[in-house]
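My questions will all concern the structure given below.
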Amino acid sequence: MNEDIEKAKEKFGLLLEGQLKRITSMKAQGDYIDYNELKPIIIGIVGGDGIGPTITSNAQEVLEFLLQEEISSGKVKFKEIEGLTIENRAQELKAIPEDILQELKKCHVILKGPTTTPREGDKWPNIESANVAMRKELDLFANVRPVEVPEENINWTFFRENTEGAYALGSEGINVNDDLAVDFKVTTTEGAYRIIKAAFEYADKNDLKRLTVVTKANVVKTTDGKFLNIAREVAADYPDIEWDDWYIDIMTAKLVDPKRRSEFEVFVLPNLYGDILTDEAAEFQGGVGTAGSANIGKKHAMFEAIHGSAPRMVEEGRAKYADPSSITRAGAMLLNHINYPGQAEKLKMALDICGQYEQKMKVTGRDTGVTGEEFAHYIMETLQTENLAEKYKKLKNKQK
Ligand code: IPM
Ligand code: MG
């Protein structure tokens, strides 16, 4: 028995060393990159698994259309990165094969299709999720997920911490012996500070007055307690923003309370709570398939759809009918992030027009609807509408 404990202690020591190193490199990182000063801004396109390559190339076509001028002037460059597939990852037993990781690090921003996350009992070896690894490797600490349901007056932005919490050592728990399994949850001062600061800055810049911190600090006292304490400190610098703190259980309930939910604006929360709450939130907007997700760090950023890779669609030969809306919406977030807010806004309007208000054609996932490519062309056609903003307003009001 003592031997089991000694072994576990040794492993725990190594994990702590790793986390302390991570803190050092977080602190050494400096400020956010300035896209205005870059030429070219390199946009990496990563297809991923299943329907990923198809929908990602549909979205790429739309982005290239919107950035025609920037591409010809050399301000923006697209870089396709192949091979981040579950087959390659399984073969190399790596969440992200080394050569692909090097390519990813050369990109300033990345548009990423879904990547399969294996779990025990699957046909794949139980390697770490490529998403989680990419977030860690590129230090993409802010997972920003907006949810909008105009007719319900819902306009939420979630700032989910993306590199720590239950995920930091999610693949490195310890089976002390056959009877005892232990996982770890991590909060660092720097890690909590930077995500909370990012959320307050966002609220401040966008003139939002309400910020909600979500933890379970009454039970998970050390790590969530630290998160909440740091929130309290950061909040002191923003006297105009009204902030409150909620526990994750009651927060989950309040999101389904129609009388209360529209009061919330910006949320900031540790990793796992954010994972769960953003799936619930996206459901109000039409499901996780409709949401886009931004993973932002100081030096890199990655934009993705929240949905999975739908291997069954590929097996049944239906990949070309997969809906590229979510990844294209992630593309709009990417445009906004690299300082093209005008193009981002147009793309969002076109997506709403095509997907909700006008619906000249629909993607159904089968041959009963159009292909992702046809839908991408519909979006591009819509983008060329002379008075897009006016058309958008009209159609939106009609819907109401
Ligand atoms: C998400 C996903 C991932 C996560 C999975 C695929 C590892 O659920 O992006 O929310 O848990 O973060
Ligand atoms: Mg999730």
Side-chain angles (χ1 to χ4, degrees), residues 18 21-22 25-26 28-30 32-35 38-57 59-60 63-64 67 71 75-118 124 127-144 160 162-164 167-168 170-171 194 271 292-309 326-328 330-331 333-338:
K21 269 196 202 134
R22 190 170 65 78
S25 69
M26 257 193 276
Q29 226 174 53
Y32 287 90
I33 204 168
D34 181 357
Y35 297 98
L38 285 179
K39 193 174 182 184
I41 302 172
I42 302 175
I43 304 179
I45 301 287
V46 180
D49 296 312
I51 58 170
T54 315
I55 55 172
T56 308
S57 86
Q60 181 182 357
L63 291 185
E64 284 178 340
L67 292 171
I71 294 171
K75 172 71 184 166
V76 164
K77 204 173 149 192
F78 280 79
K79 180 180 168 78
E80 284 161 44
I81 299 171
E82 315 263 328
L84 188 64
T85 59
I86 185 66
E87 291 80 7
N88 287 345
R89 290 154 50 214
Q91 199 189 349
E92 299 201 17
L93 287 181
K94 280 209 130 156
I96 304 177
E98 193 49 41
D99 51 332
I100 295 177
L101 183 59
Q102 290 318 317
E103 291 300 299
L104 292 173
K105 286 188 174 166
K106 291 181 197 153
C107 302
H108 302 111
V109 285
I110 295 163
L111 186 68
K112 186 183 89 44
T115 43
T116 307
T117 298
W124 304 111
I127 46 176
E128 187 182 37
S129 142
N131 279 32
V132 174
M134 200 180 294
R135 293 166 186 168
K136 280 187 198 162
E137 291 286 352
L138 305 180
D139 205 11
L140 310 174
F141 62 87
N143 188 187
V144 185
R160 162 190 178 192
N162 215 16
T163 50
E164 310 201 328
Y167 283 60
S171 298
R194 61 187 186 175
N271 211 336
S293 165
N295 299 268
I296 295 173
K298 291 192 171 165
K299 304 295 172 198
H300 304 271
M302 182 264 280
F303 301 80
E304 60 182 343
I306 317 193
H307 60 70
S309 61
S326 174
I327 187 95
T328 310
M333 297 177 88
L334 182 152
L335 289 173
N336 196 35
H337 186 72
I338 58 173

Item to check | Distance in Å, Thr163 OG1 paired with Glu137 CD, rounded so as to fall on 0.5 Å steps | outcome: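 These two atoms lie 12.0 Å from each other.
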Checklist entry - Aromatic rings His337 and Phe303: how do their planes relate, parallel, tilted or perpendicular, breaks at 30° and 60°? => result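 Rings of His337 and Phe303: tilted, 30 to 60°.
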Item to check | Test item: Arg194 and Asp139 side chains (from C-beta on) under 4.5 Å apart, heavy atoms | outcome: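 Yes, close enough: below the 4.5 Å cut-off.
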Item to check | Distance, nearest 0.5 Å, that separates CE of Met302 from SG of Cys107 | outcome: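 Separation between the atoms: 12.0 Å.
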Next on the checklist: Taking atom CD as the centre, does Gln91 end up with more than 12 heavy-atom neighbours from other residues, nucleotides or ligands that are less than 6.0 angstrom away?
Outcome noted: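 Check fails, neighbour count at 12 or below.
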Item to check | Backbone N/O of Thr116 and side chain of Asp49: donor-acceptor pair under 3.5 Å | outcome: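 Pair found, side chain donor or acceptor close to backbone of Thr116.
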Item to check | From Arg22 atom CZ to Lys136 atom NZ, the distance as rounded to the nearest 0.5 Å | outcome: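 The NZ atom of Lys136 is 8.5 Å from CZ of Arg22, to the nearest 0.5 Å.
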Checklist entry - Any side-chain heavy-atom pair from Ile55 and Pro114 closer than 4.5 angstrom? => result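 Sidechains of Pro114 and Ile55: in contact.
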Next on the checklist: Quick check on Lys75: does its NZ atom have over 12 non-hydrogen neighbours (other residues, nucleotides or ligands) under 6.0 Å away?
Outcome noted: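 Yes, because the 6.0 Å sphere around NZ of Lys75 holds more than 12 heavy atoms from other groups.
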Item to check | Side chains of Asn131 and Asn295 in contact at under 4.5 Å (non-hydrogen atoms) | outcome: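 The answer is no, as the side chains (C-beta and beyond) never meet within the 4.5 Å cut-off.
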Next on the checklist: Please evaluate residues Met134 and Glu304 with respect to the criterion side-chain contact (heavy atoms from CB on, under 4.5 Å), reporting the C-alpha separation (whole Å), side-chain torsions for both, the decisive distance (0.1 Å), and the verdict.
Outcome noted: CA-CA 12 Å; Met134 200 180 294; Glu304 60 182 343; over 6 Å; no
Next on the checklist: Do Gln60 and Leu111 make a side-chain contact, defined as non-hydrogen atoms from C-beta onward lying under 4.5 Å apart?
Outcome noted: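 With C-beta onward as the side chain, the pair stays apart.
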Checklist entry - Can you list the steps and then say if His300 with Leu140 is a side-chain contact (heavy atoms from CB on, under 4.5 Å)? => result CA-CA 7 Å; His300 304 271; Leu140 310 174; 3.9 Å; yes
Checklist entry - Hey, what do you get for NZ (Lys298) to CD (Gln29), rounding to the nearest 0.5 Å? => result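 Rounded to the nearest 0.5 Å, the NZ-CD separation comes to 6.5 Å.
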Next on the checklist: How long is the straight-line distance from CD1 of Ile41 back to CZ of Phe78, given to the nearest 0.5 Å?
Outcome noted: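 Going from CZ on Phe78 over to CD1 on Ile41, the span is 10.5 Å.
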Checklist entry - Which of these passes side-chain contact (heavy atoms from CB on, under 4.5 Å) with His108: Val76, Ile338, Ile33, Ile43? => result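 Filter result, single survivor: Ile33.
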Checklist entry - Which of these, Ile81, Val46, Ile96, sits in a side-chain contact (heavy atoms from CB on, under 4.5 Å) with Glu103? => result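 Exactly one candidate clears the test, Ile81.
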Checklist entry - Is there side-chain contact between His307 and Ile51, with heavy atoms separated by less than 4.5 Å? => result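 Counting from C-beta outward, His307 and Ile51 do come under 4.5 Å.
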Next on the checklist: Would you say that Ser129 contacts Thr115 through its side chain, given a criterion of any heavy-atom pair below 4.5 Å between the two side chains?
Outcome noted: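 With C-beta onward as the side chain, the pair stays apart.
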Next on the checklist: Using side-chain heavy atoms (C-beta onward) and a distance below 4.5 Å, is Leu84 in contact with Arg89?
Outcome noted: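 Of all side-chain heavy-atom pairs linking Arg89 with Leu84, at least one is under 4.5 Å.
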Item to check | Heavy-atom side-chain proximity of Lys299 to Leu138 below 4.5 angstrom | outcome: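 No, side chains not in contact.
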